[in-house]
Peer 1: 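The following block contains the structure, expressed as structure tokens.
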Amino acid sequence: MSMASSSSSSSQPWEYHVFLSFRGEDTRQNLVGHLYKALVEKGIYTYKDDETLPRGESISPALMKAIEGSQLAVIVFSENYADSSWCLEELSHIMECKETRGQVVMPIFYDVDPSYVRNQKEKYGEAFAKHELKNTDKIKSLVQAFIIDPCGWFFAPLERKREYDEEYTKQQSENKTQVESWRKAIVDASNISGWFIANRDESKAIEEIVETISQRLHPTSVEDDNLIGMKARMQDLISKLQIEFGGKRMIGIWGVGGGGKTTLASSIFDEISSKFDGCCFLTNVRGESSKNNGLENLQQKILSDVLKQKQVEVRRVEEGRRMIKDRLHHRKVLIVLDDVDNLEHLEDLAGSCDWFGEGSRILITTRDEHVLTGHKVDIIHNIRLLSNDEAMKLFCKHAPQGHIRLEDYEQLSKDVVSYAGGLPLALRVLGRFLCDKEMDEWRSALARLKEIPDANILEKLKISFDGLMPLERELFLDIACFFRGEHKNEEVMMVLEACGLHPVIGIKVLVQKALVTISEYGAFDMHDLVEEMAHYIVRGKHPKNPEKHSRVWKEEDVATICDVDATTNLDKIEAIYSRTNKAQQVLEVAASMNKLRWIILGSPPGSDETTFLMSDSFPRRELCCLTLHGFNAKQLWEGYKYLPNLRIISLTFMRNLMKTPDFEGLPNLERFMVDGSALLEEIHPSFGHLEKLVCVEIQHCENLKMLPHITRSKKLETLVLSKCKIVFEQNMENLAPDNMNHIGLWFCSGWLKKLDLSWCNLADGHMIRSGAAGVWELPNLQELHLAGNRFVQLNFSLLRLPRLKWLDVSYCFNLVELLELPSSIAVVLADGCMSLETIGDISNCKWLWKVALWGDNKLGPLGGDMLLNSMLQGNAKYYFINVKLNCMDIWRGPSVVWVKWVKTYNMLLPHDWYDHFSGILMFFQNKRFNGNPHITIKLGVHDIFQSEFNETLEAHSEETTYIAVGLGLYSFLKMIRCKQQKSQ
């Protein structure tokens with residue numbers, strides 16, 4: 001099929017299934033009459049001129065229109081078919097539609113040898129001779145021309161003779177062309193494989209013909225009013241299929257349950273299936289494959305549908321794989337595998353594109369992105385939910401109906417559409433349910449839905465949840481109940497990790513199964529109905545009894561639990577989150593929660609609680625995470641408590657806290673965080689005995705003077721002692737314990753990645769001491785925060801920090817020299833260092849891409865230029881360079897584009913940007929705003945450079961000037977450009 005025909009057939013709204021072209025006197029009362037009846041009985045809408053044509057209508061235009069509107073044409077070549085010029089004209093137009101409109105043509109040779117038709121022998125040869133003679137007779141003779149216009153010939157004989165000759169030549173040429181077109185059409189048609197019916201059972205032949213026609217027909221492309229928004233989505237996906245470019249492609253359609261994946265795949269299948277040699281649509285692969293011999297039956301269906309064979313037997317899955325590869329290897333096929341949830345099943349049904357012939361397309365719908373990535377499909381198409389306008393149109397197709405005026409229900413309809421969140425399944429289900437309800441019944445239904453989701457919607461969405469592993473289910477419920485809208489930060493991840501939920505891999509699985517999304521700002525999100533499904537699962541059969549729920553997060557449910565009888569069983573509760581003025585009561589009832597994994601409890605500002613008493617029976621032994629905020633407590637508990645599962649203690653703004661508990665009974669504690677406890681004086685000595693500490697963060701504890709030496713923990717990764725007046729010892733022993741470092745305390749340095757000693761009143765002597773014991777050796781340290789200290793000189797040649805990437809010395813007002821930065825350094829923050837005179841030689845810092853030097857300093861006017869030039873010599877020039885300086889002059893040459901403050905700015909790049917230019921130097925001058933710009937760079941279509949300012953800047957009363965310079969290197973954009981071209 002030509003590209004033109006291929007393109008037009010996909011969008012052709014066929015009026016008829018079949019057009020019958022035949023010689024009436026030969027076949028009307030026998031073959032054609034019986035064939036027409038059999039087609040109609042099969043539901044195949046067939047055009048037959050003496051049956052379908054309305055009385056009084058001109059036959060020629062009607063027939064041409066009928067031919068053009070038919071998906072398939074059956075040509076019955078009989079003995080006298082070629083005698084009729086009308087039949088030959090039909091035939092010529094049919095063959096034209098085959099080329100231009102993708103029409104399928106099937107010839108039947110009825111009591112006539114196909115070779116006689118093809119070579120125009122015997123009756124067919126005689127017929128064409130008659131047509132040529134008849135056409136010659138139609139041309140007016142010279143005498144006829146004179147009789148028609150004698151006066152004209154008498155007064156201008158030469159002119160009339162010339163006109164006659166031209167007309168004669170023209171008619172002769174047209175007649176010859178017409179006969180030649182008939183000859184070509186009859187040759188082309190007779191070369192198509194068809195049926196030869198002579199001396200055989202006519203009824204069996206008709207049965208075979210009708211069966212073949214049924215298989216060749218595809219659903220006509222009629223606009224379905226219920227498929228709102230489908231046309232644009234189909235066009236988008238069809239463009240990704242790239243059918244006109246050949247090759248072989250596998251396309252995955254992925255998204256949340258009920259989002260329209262199957263509908264989209266089905267619409268695409270109906271639209272393009274006529275372009276393939278064989279097609280198959282496998283529905284519900286997930287359900288069918290789980291049955292006995294399910295995969296074998298699915299393999300049989302693929303072979304049967306594509307090969308158009310009724311009996312195909314597959315005895316074993318491996319045999320089915322071999323048969324599909326062997327039988328379909330040279331066929332151009334279209335196969336849709338709907339609702340696949342198992343990678344192995346997909347490999348058994350469509351192992352790779354190599355199984356199929358040139359031009360084949362395989363579509364796979366799934367809720368699990370891992371199935372597609374694991375199978376290495378060419379493109380993953382994320383289903384797009386309905387917009388508000390589309391959702392309203394779809395909903396209004398179903399509700400309201402009858403006597404109800406839509407205007408009366410406008411706000412209620414908006415509420416339903418908002419509830420559905422663009423999910424087509426929910427809109428259809430709710431629309432059908434509400435279509436015959438009154439207004440007060442709508443309100444009641446919506447109120448009920450917020451507590452008890454519709455079972456039809458829930459069942460569809462819950463399929464993905466049921467397919468999760470037990471730990472993944474718990475992780476999903478935790479996120480849905482507690483963390484939707486929260487950033488996926490270290491604090492959240494450590495809580496989930498402490499509960500043994502393995503969130504790094506678990507969240508990946510939830511995202512792939514379209515249950516959870518991560519927003520562009522890094523926050524957890526999900527569809528509203530998916531969240532509602534999770535809440536419904538947690539509430540179970542007891543929506544009004546929160547003491548029987550596994551998770552409690554609503555304040556009204558917390559209040560209910562606080563009021564329960566002391567004998568009430570609370571063993572179901574695993575996690576609780578509350579910031580209520582009943583925090584003390586929560587702690588009391590929590591003593592009865594034997595399965596409590598974690599508790600996040602806060603006393604809100606202005607709370608009237610003045611005392612804090614923790615029950616002797618709390619925390620329970622199953623507790624993994626204890627997070628308390630804003631309590632007026634001097635200590636958590638007295639004496640020794642054995643809590644083998646406790647991994648996190650986080651205490652924030654407990655202003656009266658004076659001492660920590662005994663840590664001997666917390667052998668598995670991994671993270672200890674205290675922030676804002678100004679009266680804290682003592683960390684219990686047993687703290688130094690903990691062996692599994694990973695993170696210690698103590699901030700804003702101004703009275704804390706000493707911290708026990710952390711000598712037993714071999715996996716300490718983060719140590720933060722910010723804004724604490726710890727006494728850092730100046731005179732340390734010359735002999736240090738093996739693998740230990742000190743900053744006034746001993747700690748194991750082998751795993752440490754982050755060290756924060758900001759605003760700790762450190763001086764030069766605390767950093768460098770004489771002797772081996774005085775050398776900082778931190779082989780894995782990546783972040784070092786030393787802001788707000790009293791250093792005068794920092795020379796990193798005397799420190800052993802081979803992997804340091806981030807250094808913050810901001811607001812070290814006395815710092816004069818910052819020397820010998822490690823070669824691994826990437827970011828240096830030195831804002832507000834007013835005494836800084838030199839940064840030293842950074843030529844060995846090949847990965848340095850960001851330097852911040854806002855505020856006054858003494859680097860001099862050339863400091864910024866020297867810094868930028870040095871950075872351009874390193875490897876960062878292939879990505880992005882960011883330099884922030886104060887009072888920096890920018891050259892105002894002809895190539896500078898000045899832009900006023902805008903959210904997004906597009907700039908057309910020079911045509912040779914990727915060959916002859918280094919990059920874009922962005923200059924941001926901030927005179928009237930307080931804040932930092934966040935600039936993102938991306939390469940749009942047609943080589944348009946786009947820079948986007950994402951941060952909101954608040955007005956500032958004082959007029960200060962800040963300068964930010966960012967260099968976007970084209971080599972980085974070139975890599976993006978290459979990746980874009982590869983994926984297309």
Peer 1: Over all heavy atoms of both residues, which pair between Cys701 and Val674 is shortest? Give the atoms and the distance, please.
Peer 2: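 Heavy-atom minimum between the residues: SG-CG1, 3.9 Å.
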Peer 1: Within a strict 4.5 Å, meaning less than it, do heavy atoms of the Leu636 and Leu628 side chains meet?
Peer 2: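 Sidechains of Leu628 and Leu636: in contact.
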Peer 1: Is a side-chain donor or acceptor of Ser519 paired with a backbone partner of Tyr521 at a separation under 3.5 angstrom?
Peer 2: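 Confirmed, Ser519 side chain pairs with Tyr521 backbone.
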Peer 1: With heavy-atom distances below 4.5 Å as the criterion, would you say the side chains of Val504 and Met493 are in contact?
Peer 2: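 Side chain of Val504 against side chain of Met493, heavy atoms only: contact under 4.5 Å found.
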Peer 1: Measure the SG-CG distance between Cys625 and Asn645 for me, rounded to the nearest 0.5 Å.
Peer 2: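 Here the interatomic distance stands at 12.5 Å.
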Peer 1: Judged by modelled atom types alone, do Thr652 and Asp675 share a side-chain donor-acceptor pair under 3.5 Å?
Peer 2: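 There is no such pair (donor and acceptor under 3.5 Å, judged by atom type) between the side chains of Thr652 and Asp675.
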Peer 1: Taking all non-hydrogen atoms of both residues into account, name the closest pair between Met654 and Ser677 and its distance.
Peer 2: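 In terms of heavy atoms, the two residues are closest at O-OG, 3.0 Å.
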Peer 1: Judged by atom type as modelled, is there a donor-acceptor pair below 3.5 Å linking the side chain of His684 to the main-chain atoms of Lys659?
Peer 2: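 No: the side chain of His684 does not pair with the backbone of Lys659.
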Peer 1: Could you list the donor-acceptor pairs under 3.5 angstrom formed between side-chain atoms of residues 829-841 and any protein atom two or more places apart in sequence or on another chain?
Peer 2:
{"residue": "Asp831", "atom": "OD1", "partner": "Leu853", "partner atom": "N", "Å": "3.4"}
{"residue": "Asp831", "atom": "OD1", "partner": "Trp854", "partner atom": "N", "Å": "2.9"}
{"residue": "Ser835", "atom": "OG", "partner": "Phe813", "partner atom": "O", "Å": "2.6"}
{"residue": "Thr838", "atom": "OG1", "partner": "Gly840", "partner atom": "N", "Å": "3.0"}
{"residue": "Asp841", "atom": "OD1", "partner": "Ser843", "partner atom": "N", "Å": "2.9"}
{"residue": "Asp841", "atom": "OD1", "partner": "Ser843", "partner atom": "OG", "Å": "2.9"}
{"residue": "Asp841", "atom": "OD2", "partner": "Ser843", "partner atom": "OG", "Å": "3.1"}

Peer 1: Is the backbone N or O of Ala678 less than 3.5 Å from a side-chain atom of Asn703, with the two atoms forming a donor-acceptor pair by type?
Peer 2: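 Flag set: sc Asn703 to bb Ala678 pair under 3.5 Å.
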Peer 1: Between Leu623 and Leu643, is any pair of side-chain heavy atoms under 4.5 Å apart?
Peer 2: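 No. Closest side-chain heavy atoms not under 4.5 Å.
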Peer 1: Is the backbone of Ile710 close enough, under 3.5 Å, to the side chain of Arg712 for a donor and an acceptor to pair up by distance?
Peer 2: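 Not at all, since once roles are kept as given, no pair shorter than 3.5 Å links the two residues.
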Peer 1: Does a donor on one side chain and an acceptor on the other come within less than 3.5 Å for His700 and Glu702?
Peer 2: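 On atom types as modelled, these side chains do not qualify, holding no pair under 3.5 Å.
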Peer 1: Does the separation of the ring centres of Phe663 and His689 fall below 6.0 angstrom?
Peer 2: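 No, too far apart.
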Peer 1: Please determine whether side chain to side chain donor-acceptor pair (under 3.5 Å) holds for the pair Asp525 and Thr517, giving the CA-CA distance in whole Å, both sets of side-chain angles, and the decisive distance to 0.1 Å.
Peer 2: CA-CA 5 Å; Asp525 203 1; Thr517 60; 4.6 Å; no
Peer 1: With the side chain counted from C-beta on, respond yes when Ile683 and Leu704 share a heavy-atom pair under 4.5 Å apart, and no when they do not.
Peer 2: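 Sidechains of Leu704 and Ile683: in contact.
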Peer 1: Which word best sums up how the rings of Phe483 and Phe524 line up, parallel for under 30°, tilted for 30 to 60°, or perpendicular for over 60°?
Peer 2: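 Tilted, since the angle between the ring planes falls between 30° and 60°.
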Peer 1: Under a 4.5 Å cut-off applied to non-hydrogen side-chain atoms, are Thr660 and Leu680 in contact?
Peer 2: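 Side-chain contact under 4.5 Å: yes.
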Peer 1: For the atom pair CD (Glu682) and CG (Leu657), what is the distance rounded to the nearest 0.5 Å?
Peer 2: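 Spacing of CD (Glu682) from CG (Leu657) equals 11.0 Å.
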Peer 1: Quick one: does Asp478's side chain get under 4.5 Å of Trp598's, heavy atoms only?
Peer 2: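 They are in side-chain contact.
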Peer 1: Taking only residues two or more places apart in sequence or in another chain, which ones pass side chain to side chain donor-acceptor pair (under 3.5 Å) with Glu520?
Peer 2: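 Side chain to side chain donor-acceptor pair (under 3.5 Å) list for Glu520, sorted by chain: empty.
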Peer 1: I'd like to know if the side chain of Trp637 and the backbone of Pro661 have a donor-acceptor N/O pair within less than 3.5 Å.
Peer 2: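 Such a contact is absent between Trp637 side chain and Pro661 backbone.
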Peer 1: Applying side chain to side chain contact (heavy atoms under 4.5 Å, CB included), run through His785 and Lys754 and close with a yes or a no.
Peer 2: CA-CA 8 Å; His785 298 259; Lys754 177 181 177 180; 4.0 Å; yes
Peer 1: Distance-only, no hydrogens or angles: does the Asn789 side chain make a donor-acceptor pair with backbone N or O of Cys760 under 3.5 Å?
Peer 2: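 Looks like yes, one N/O pair under 3.5 Å.
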Peer 1: Identify the two heavy atoms, one from Asp662 and one from Ser686, that lie closest to each other, and give their separation to 0.1 Å.
Peer 2: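 The pair with the smallest heavy-atom distance is OD1-OG, 3.1 Å.
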Peer 1: Between side-chain atoms of residues 665-673 and protein atoms elsewhere (two or more places apart, or another chain), which donor-acceptor pairs fall under 3.5 Å?
Peer 2:
{"residue": "Asn668", "atom": "OD1", "partner": "Lys692", "partner atom": "NZ", "Å": "2.7"}
{"residue": "Asn668", "atom": "ND2", "partner": "Pro644", "partner atom": "O", "Å": "2.5"}
{"residue": "Arg671", "atom": "NH1", "partner": "Glu490", "partner atom": "OE2", "Å": "3.3"}

Peer 1: Do Leu815 and Leu794 have side-chain heavy atoms sitting under 4.5 Å apart?
Peer 2: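 Side chain of Leu815 against side chain of Leu794, heavy atoms only: contact under 4.5 Å found.
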Peer 1: Taking side chain to side chain donor-acceptor pair (under 3.5 Å) as the definition, give me every residue that meets it alongside Thr718, ordered by chain and number, with sequence neighbours left out.
Peer 2: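 Result, side chain to side chain donor-acceptor pair (under 3.5 Å) vs Thr718: none returned.
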Peer 1: With side chain to side chain contact (heavy atoms under 4.5 Å, CB included) as the criterion, how do Ile507 and Ile479 come out once you've worked through the C-alpha distance, each side chain's angles and the decisive distance to 0.1 Å?
Peer 2: CA-CA 9 Å; Ile507 290 170; Ile479 292 173; 4.0 Å; yes
Peer 1: Rounded to the nearest 0.5 Å, what separates atom OH in Tyr642 from atom OH in Tyr640?
Peer 2: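 Taking OH in Tyr642 and OH in Tyr640, the distance rounds to 6.5 Å.
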Peer 1: Hey, does the side chain of Ser713 reach the backbone of Leu693 with a donor-acceptor pair shorter than 3.5 angstrom?
Peer 2: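 Such a contact is found between Ser713 side chain and Leu693 backbone.
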Peer 1: Once rounded to the nearest 0.5 Å, what's the spacing between atom CG of Leu801 and atom CG of Asn780?
Peer 2: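 If I round to the nearest 0.5 Å, the distance is 11.0 Å.
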Peer 1: Could you name each residue pair satisfying salt bridge (charged side-chain N to carboxylate O under 4.0 Å, His left out) that touches residues 496-507, not counting sequence neighbours?
Peer 2: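 For residues 496-507: none.
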Peer 1: Mind checking the CD1-SG spacing from Ile648 to Cys624? Nearest 0.5 Å is all I need.
Peer 2: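 One gets 8.5 Å once the value is rounded to the nearest 0.5 Å.
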Peer 1: Is it the case that Asn761 and Arg790 place a side-chain donor and acceptor less than 3.5 Å from each other?
Peer 2: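 The answer is yes; a qualifying pair exists.
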Peer 1: Taking side-chain hydrogen bond (donor to acceptor under 3.5 Å, both in side chains) as the cut-off, I'd like each qualifying pair that reaches into residues 811-828, sequence neighbours left out, listed once.
Peer 2: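 Checked against side-chain hydrogen bond (donor to acceptor under 3.5 Å, both in side chains) - neighbours excluded - the pairs reaching residues 811-828 are Gln793-Glu817.
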Peer 1: Hey, could you give me the CG/CD1 distance between Leu626 and Ile599, rounded to the nearest 0.5 Å?
Peer 2: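 Between atom CG of Leu626 and atom CD1 of Ile599 there are 7.0 Å.
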Peer 1: Quick one: closest heavy-atom pair of Gly788 and Cys812, and the distance?
Peer 2: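 In terms of heavy atoms, the two residues are closest at N-SG, 3.8 Å.
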Peer 1: Would you name the heavy atoms of Phe791 and Asp764 that are closest together and state the gap between them?
Peer 2: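 Minimum heavy-atom separation between Phe791 and Asp764: CA-OD1, 3.2 Å.
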Peer 1: If you look at every heavy atom in Pro822 and Cys845, which pair is closest and at what distance?
Peer 2: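 Reported closest heavy-atom pair: O-SG, 3.6 Å.
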Peer 1: Measure from the side-chain N and O atoms of Arg647 to the backbone N and O of Cys499, and report whether any donor-acceptor pair falls under 3.5 Å.
Peer 2: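 No, because the side chain of Arg647 does not come within donor-acceptor range (under 3.5 Å) of the backbone of Cys499.
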Peer 1: Taking the side chain from Asn656 and the backbone from Lys634, do they hold a donor-acceptor pair closer than 3.5 Å?
Peer 2: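 Judged by distance alone, no pair lies under 3.5 Å.
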Peer 1: Taking the side chain as everything from C-beta on, heavy atoms only, tell me whether Leu807 gets closer than 4.5 Å to Leu818.
Peer 2: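 Yes. Closest side-chain heavy atoms under 4.5 Å.
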Peer 1: Knowing that exactly one of Leu778, Leu721, Val720, Leu786 qualifies, which makes a side chain to side chain contact (heavy atoms under 4.5 Å, CB included) with Leu755?
Peer 2: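 Testing Leu755 for a side chain to side chain contact (heavy atoms under 4.5 Å, CB included) against Leu778, Leu721, Val720, Leu786 leaves exactly one candidate, Leu778.
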Peer 1: Determine, step by step, whether Leu719 and Asp756 satisfy the side chain to side chain contact (heavy atoms under 4.5 Å, CB included) criterion, reporting the C-alpha distance in whole Å, the side-chain angles of both residues, the deciding distance to 0.1 Å, and the verdict.
Peer 2: CA-CA 6 Å; Leu719 179 59; Asp756 188 344; over 6 Å; no
Peer 1: I would like to know whether Trp806 and Gln782 meet side chain to side chain contact (heavy atoms under 4.5 Å, CB included); could you show each step before the answer?
Peer 2: CA-CA 6 Å; Trp806 181 287; Gln782 296 180 12; over 6 Å; no
